[in-house]
Number of protein chains: 2
Amino acid sequence: MDQAKIFNAFMIHKGLKTTNQRKAILNSFLHSRSHCSTEDLYLKLRKKHPKIGYATVHRTLKLLVECGIAIEQNFGDGHARFEPLRADSHHDHLVCQQCGLIIEFEEPQIEELQNQVAAAYQFTIRNHRHELYGLCFRCARK
Amino acid sequence: MDQAKIFNAFMIHKGLKTTNQRKAILNSFLHSRSHCSTEDLYLKLRKKHPKIGYATVHRTLKLLVECGIAIEQNFGDGHARFEPLRADSHHDHLVCQQCGLIIEFEEPQIEELQNQVAAAYQFTIRNHRHELYGLCFRCARK
DNA sequence: AAAGAAATTGAAAATCGATTTCAAAGAATA
DNA sequence: TATTCTTTGAAATCGATTTTCAATTTCTTT
């Protein structure tokens, strides 16, 4: 089942309507670079749909999070960012504080150690965030 | 060198003045439970110093971060939190989404794996955040 | 101790991103 | 088509943070 279908099914389930704006926003989101902010997506959409409103983009992104197509991230610059959520793989992030580059990484051993830590405190993990901030290869040379 | 001295040295270095308010805020901060918000500290201080302003607490906390006595954290509830920074030890957090309990943990193996990940991407880590969100022991039972 | 120069204070206002309101427009159903 | 309900976009609101500014305090120099 692709994301458009997941979205449709969710909309029907909630008694909501699949409008042209929502379709355009979903489509644009899926074809954007990852980790885009509401503003990024809004500006991009304006080019093809000059009358679309910021509020609609915002509301639709929230819907995408609600139905599991997107995940909301925050890397400390005061702008919520959204990225497509793939069911199969989890990853964390390296964030360059100079140029804003975001690198995704996966490290199953860290996940395993995390689980051990949580178990030691009898803590039930629902989700986590793990971000390494610093300088990417390029910026470190300058 | 204790924190009051670090603070004094920093203030002199920057040409700033060590006022009674700043001393009171530093002192109250150091004797507060960890992870207090600006508001927490402001309300606590009001009891002994009824005329102190929120803005002053805010500005002083920023100074404490700047001179390395405090670190700013954000656990996603919309309130920045501050905790005393000890030079010797680093820790990460488990955050209960039900009752707000914050548990600190240290796991050197995770730190080591982090360094390996960064090295693989030729990335220079300046700092990181690693938080596990979910339910604490008590809340999971309910 | 008093005066002058400069920084600090607290109340209120401004800011910033996120969110909500509301009247008009649009979709779905009968 | 009429009715009902949802959605839209502009503007208003929200809540935390940050800044402004006139009055006060601190620090230095007499």
Side-chain angles (χ1 to χ4, degrees), chain A residues 7-29 35-67 70-82 100, chain B residues 7-29 35-67 70-82 100:
Chain A
F7 188 57
N8 281 337
F10 175 79
M11 297 308 264
I12 290 166
H13 173 69
K14 296 267 284 187
L16 302 176
K17 292 171 182 172
T18 307
T19 62
N20 289 331
Q21 285 94 329
R22 286 176 175 162
K23 280 187 235 170
I25 293 165
L26 171 60
N27 197 52
S28 184
F29 171 69
H35 319 106
C36 62
S37 65
T38 309
E39 175 109 19
D40 290 341
L41 201 58
Y42 169 66
L43 292 176
K44 184 180 170 191
L45 278 156
R46 288 288 294 223
K47 293 175 189 165
K48 286 198 177 174
H49 309 266
K51 292 203 294 187
I52 207 160
Y54 184 93
T56 304
V57 177
H58 168 77
R59 284 184 285 229
T60 304
L61 281 170
K62 290 285 175 186
L63 285 174
L64 296 184
V65 170
E66 203 180 336
C67 72
I71 187 171
E72 186 173 340
Q73 308 269 4
N74 198 307
F75 298 139
D77 66 349
H79 289 264
R81 293 175 183 284
F82 296 85
Chain B
F7 189 55
N8 281 336
F10 175 79
M11 297 306 265
I12 290 166
H13 173 69
K14 296 266 284 187
L16 302 177
K17 291 170 182 171
T18 307
T19 63
N20 289 331
Q21 284 94 329
R22 285 177 176 160
K23 280 187 234 170
I25 293 165
L26 171 60
N27 197 53
S28 185
F29 171 69
H35 318 107
C36 63
S37 65
T38 308
E39 175 110 18
D40 290 340
L41 200 58
Y42 169 66
L43 292 176
K44 184 180 169 193
L45 278 156
R46 287 290 293 223
K47 292 176 190 165
K48 285 200 179 176
H49 308 267
K51 292 203 295 188
I52 208 160
Y54 185 93
T56 303
V57 177
H58 167 77
R59 284 184 285 228
T60 304
L61 281 170
K62 291 285 175 185
L63 286 175
L64 295 184
V65 170
E66 203 181 335
C67 73
I71 188 169
E72 186 173 340
Q73 309 268 5
N74 197 307
F75 298 137
D77 66 349
H79 290 264
R81 292 174 184 286
F82 297 84

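No hydrogens, no waters, no symmetry mates; every other heavy atom, side chains included, goes into these values. A, B, ... follow the sequence lines: proteins, then strands. Residue 1 opens every chain.
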pair Asp40(A)-Lys44(A): side-chain heavy atoms closer than 4.5 Å: no
Whole-Å gap separating C1' (dA23(D)) and NZ (Lys51(B)): 12 Å
Distance in angstrom units between Leu45(A) CG and dT8(D) P, rounded: 12 Å
Contacts of type side-chain hydrogen bond (donor to acceptor under 3.5 Å, both in side chains), residue Asp77(B), not counting sequence neighbours: Arg81(B)
List, one per line, each side-chain donor-acceptor pair under 3.5 Å for residues 55-64 of chain A, sequence neighbours excluded.
{"from": "Arg59(A)", "atom 1": "NE", "to": "Ala55(A)", "atom 2": "O", "distance (Å)": "3.4"}
{"from": "Thr60(A)", "atom 1": "OG1", "to": "Thr56(A)", "atom 2": "O", "distance (Å)": "2.8"}
{"from": "Lys62(A)", "atom 1": "NZ", "to": "Glu72(A)", "atom 2": "OE1", "distance (Å)": "3.2"}

Contacts of type ring pair (Phe, Tyr, Trp, His ring centres under 6.0 Å), residue Tyr42(A), not counting sequence neighbours: Tyr54(A)
Heavy-atom protein contacts under 4.0 Å, nucleotides 17-30 of chain C, coded B base, S sugar-phosphate only, - none: SSBBB----BBS--
Would you be so kind as to tabulate the donor-acceptor pairs closer than 3.5 Å made by side chains of residues 16-29 of chain B, with sequence neighbours excluded?
{"from": "Thr18(B)", "atom 1": "OG1", "to": "Asn8(B)", "atom 2": "OD1", "distance (Å)": "3.4"}
{"from": "Thr19(B)", "atom 1": "OG1", "to": "Arg22(B)", "atom 2": "N", "distance (Å)": "3.2"}
{"from": "Arg22(B)", "atom 1": "NH1", "to": "Lys17(B)", "atom 2": "O", "distance (Å)": "2.7"}

Length of the NZ-P vector between Lys14(A) and dC5(D), whole Å: 18 Å
Short side-chain N/O contact from Gln21(B) to OP1 or OP2 of dT25(D), under 4.0 Å: no
Atom pair distance, as rounded to whole Å: CZ in Arg22(B) and P in dT25(D): 15 Å
DNA chain C: 5'-proximal contact among Ile52(B) and Gly15(B) (nearest heavy atom): Gly15(B)
All ring pair (Phe, Tyr, Trp, His ring centres under 6.0 Å) counterparts of Phe7(B), not counting sequence neighbours: none
